[in-house]
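Reading through the structure tokens given below for one structure.
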Amino acid sequence: MPRWRYSYAFLDPFAKREVRRRLLKAVAIPGHQVPFASREMPVARGWGTGGLQVTLSLVGPRDVVKVMDQGADDSVNAANLRRFIREVSGAQTTRDALEATLIQSRHRIPEERLKEGQILILQVPIPEPLRYVEPSEQRARELHALGNYSALWVDIFEEHALLGRSRKGAAYPVLVHGRYVMDPSPIPRWDIPKLHQAQHLTLFGAGREKRLYAVPPYTRVEPLAFRDRPFRPEPIRGRCRRSGAHHVFLNAIPQEDGTLAYEVSDQGYLEKLLAGQGTGELFLEVGHGP
């Protein structure tokens with residue numbers, strides 16, 4: 001796609017200005033959903049248009065961009081988005097999370113601890129954490145304004161009463177800065193502690209639902225949990241078949257004989273482990289363990 005046929009980074013200047021202004025409001029009110037005029041993109045809604053619009057509004061020719069899809073850098077979605085961003089912006093791309101200035105991700109947060117100055121952009125399908133307990137959007141907005149999340153607490157209580165644990169896996173609701181309950185996108189529970197007091201800025205884009213929200217650096221992000229029923233990430237039940245690692249999130253891969261094989265989900269970090277370079281600081285210090 002010849003870059004000169006379009007505005008820089010594809011979006012027109014007015015669209016980028018609007019997204020940036022909405023992001024400033026989102027950063028100023030952590031966890032609060034800010035509406036924006038989601039534009040039509042050259043990918044279908046539901047395939048990362050929200051995150052892509054955020055990335056294109058921020059990227060510059062001196063940026064280094066990483067795109068990952070459920071931890072993989074070479075999936076069809078990640079490869080196509082990365083190629084598109086590179087062609088319309090001239091930015092460099094990388095598979096190393098620590099080299100990137102902008103990281104656009106679907107359903108995962110990199111295993112290595114991100115630093116100040118880096119921006120993580122998460123694609124979000126359903127930004128409303130109250131959707132399953134309050135289907136009315138108008139009423140959900142009122143509950144957010146009042147800080148009334150009793151229906152969500154009751155739902156979590158019923159799960160523990162009936163099952164002995166919460167059945168929520170991905171998209172576990174979190175309380176941001178002691179005020180707004182937020183959907184952290186469908187990241188696994190393993191990734192939730194990585195948002196708490198993180199050094200990097202995290203931006204969330206939901207293109208289909210036309211919502212943006214953010215978690216600024218050094219912000220409290222606490223998963224909803226009872227004192228006698230603490231929040232727990234997923235346990236690690238095996239070792240990576242390629243690297244032997246068992247200290248990071250693993251994908252379970254069904255085998256022909258009915259067993260499961262495990263592999264490190266973060267492909268960029270797996271490549272470092274196999275090359276003997278996986279020595280970066282991890283998020284184990286914020287509540288994870290083997």
Side-chain angles (χ1 to χ4, degrees), residues 1-28 33-97 99-110 114 117-127 183 185-187 200-216 267-268:
M1 180 187 302
R3 208 181 309 159
W4 55 86
R5 293 185 181 178
Y6 301 90
S7 297
Y8 177 78
F10 187 79
L11 293 174
D12 65 85
F14 299 101
K16 287 184 281 194
R17 188 178 302 122
E18 191 238 354
V19 171
R20 291 169 185 161
R21 287 174 174 172
R22 301 298 182 183
L23 289 174
L24 287 174
K25 181 176 181 180
V27 171
Q33 298 173 51
V34 180
F36 79 112
S38 180
R39 266 64 173 185
E40 292 293 332
M41 300 298 294
V43 295
R45 293 193 184 275
W47 289 87
T49 58
L52 182 58
Q53 290 178 75
V54 173
T55 299
L56 296 177
S57 297
L58 300 178
V59 70
R62 290 185 290 181
D63 277 305
V64 181
V65 179
K66 174 181 171 68
V67 182
M68 55 192 294
D69 184 351
Q70 300 194 34
D73 294 84
D74 55 4
S75 70
V76 173
N77 186 243
N80 286 338
L81 291 180
R82 180 171 57 251
R83 183 167 55 249
F84 176 74
I85 295 169
R86 182 178 63 242
E87 289 184 356
V88 300
S89 69
Q92 298 180 15
T93 58
T94 183
R95 299 166 72 98
D96 187 342
E99 289 182 354
T101 56
L102 296 175
I103 302 171
Q104 181 175 328
S105 176
R106 174 176 178 259
H107 299 183
R108 280 308 315 275
I109 296 177
L114 303 181
Q118 292 185 284
I119 300 177
L120 174 65
I121 300 163
L122 289 173
Q123 303 167 199
V124 184
I126 301 175
D183 185 321
S185 96
I187 58 175
H200 64 276
L201 168 64
T202 307
L203 305 175
F204 302 81
R208 182 172 49 197
E209 305 244 349
K210 303 180 180 180
R211 290 288 186 273
L212 301 171
Y213 49 105
V215 174
Q267 186 178 17

Atom [atom1] in [X], atom [atom2] in [Y]: separation rounded to 0.5 Å?
{"X": "L114", "Y": "L201", "atom1": "CG", "atom2": "CG", "answer": "11.0 Å"}
{"X": "Q123", "Y": "R108", "atom1": "CD", "atom2": "CZ", "answer": "14.0 Å"}
{"X": "R106", "Y": "L122", "atom1": "CZ", "atom2": "CG", "answer": "12.0 Å"}
{"X": "D96", "Y": "I103", "atom1": "CG", "atom2": "CD1", "answer": "9.0 Å"}
{"X": "H200", "Y": "T101", "atom1": "NE2", "atom2": "OG1", "answer": "13.5 Å"}
{"X": "L120", "Y": "K66", "atom1": "CG", "atom2": "NZ", "answer": "11.0 Å"}

Heavy-atom pair with the smallest gap, counting every atom of [X] and [Y]:
{"X": "S7", "Y": "P13", "answer": "OG-CD, 3.9 Å"}
{"X": "Q104", "Y": "T55", "answer": "OE1-OG1, 2.7 Å"}
{"X": "I121", "Y": "G51", "answer": "CG2-O, 3.6 Å"}
{"X": "D73", "Y": "Q267", "answer": "N-OE1, 2.7 Å"}
{"X": "A214", "Y": "L203", "answer": "CB-CD2, 3.7 Å"}
{"X": "L11", "Y": "S57", "answer": "CD1-OG, 3.7 Å"}

Q | Within 6.0 Å of NZ in K16, more than 12 heavy atoms from elsewhere | A | yes

[X] versus [Y]: any side-chain heavy-atom pair under 4.5 Å?
{"X": "H107", "Y": "P186", "value": "yes"}
{"X": "V65", "Y": "R86", "value": "no"}
{"X": "L23", "Y": "L58", "value": "yes"}
{"X": "L56", "Y": "F84", "value": "yes"}

Q. Parallel, tilted or perpendicular: which fits the ring planes of F204 and Y213, with parallel below 30° and perpendicular above 60°?
A. parallel

Q) Is the side chain of Q53 donor-acceptor paired with the backbone N or O of R39 at a distance under 3.5 Å, no angle test? A) yes

Q: Identify, with sequence neighbours excluded, every residue that meets salt bridge (charged side-chain N to carboxylate O under 4.0 Å, His left out) alongside D63.
A: none

Q: Start with the C-alpha gap between R211 and V124, add the side-chain angles, then the distance that decides, and say whether side chain to side chain contact (heavy atoms under 4.5 Å, CB included) holds.
A: CA-CA 9 Å; R211 290 288 186 273; V124 184; over 6 Å; no

(Q) Run the side chain to side chain donor-acceptor pair (under 3.5 Å) test against E99 and tell me which residues pass, sequence neighbours left out. (A) T94

Q. So M41 and W47, side chain to side chain contact (heavy atoms under 4.5 Å, CB included) or not? Walk me through it.
A. CA-CA 10 Å; M41 300 298 294; W47 289 87; over 6 Å; no

Q: Apply side chain to side chain contact (heavy atoms under 4.5 Å, CB included) to the pair R45 and S38, showing each step before the final yes or no.
A: CA-CA 10 Å; R45 293 193 184 275; S38 180; 2.9 Å; yes

Q. Please walk me through it: do L52 and I85 pass side chain to side chain contact (heavy atoms under 4.5 Å, CB included)?
A. CA-CA 8 Å; L52 182 58; I85 295 169; 3.8 Å; yes

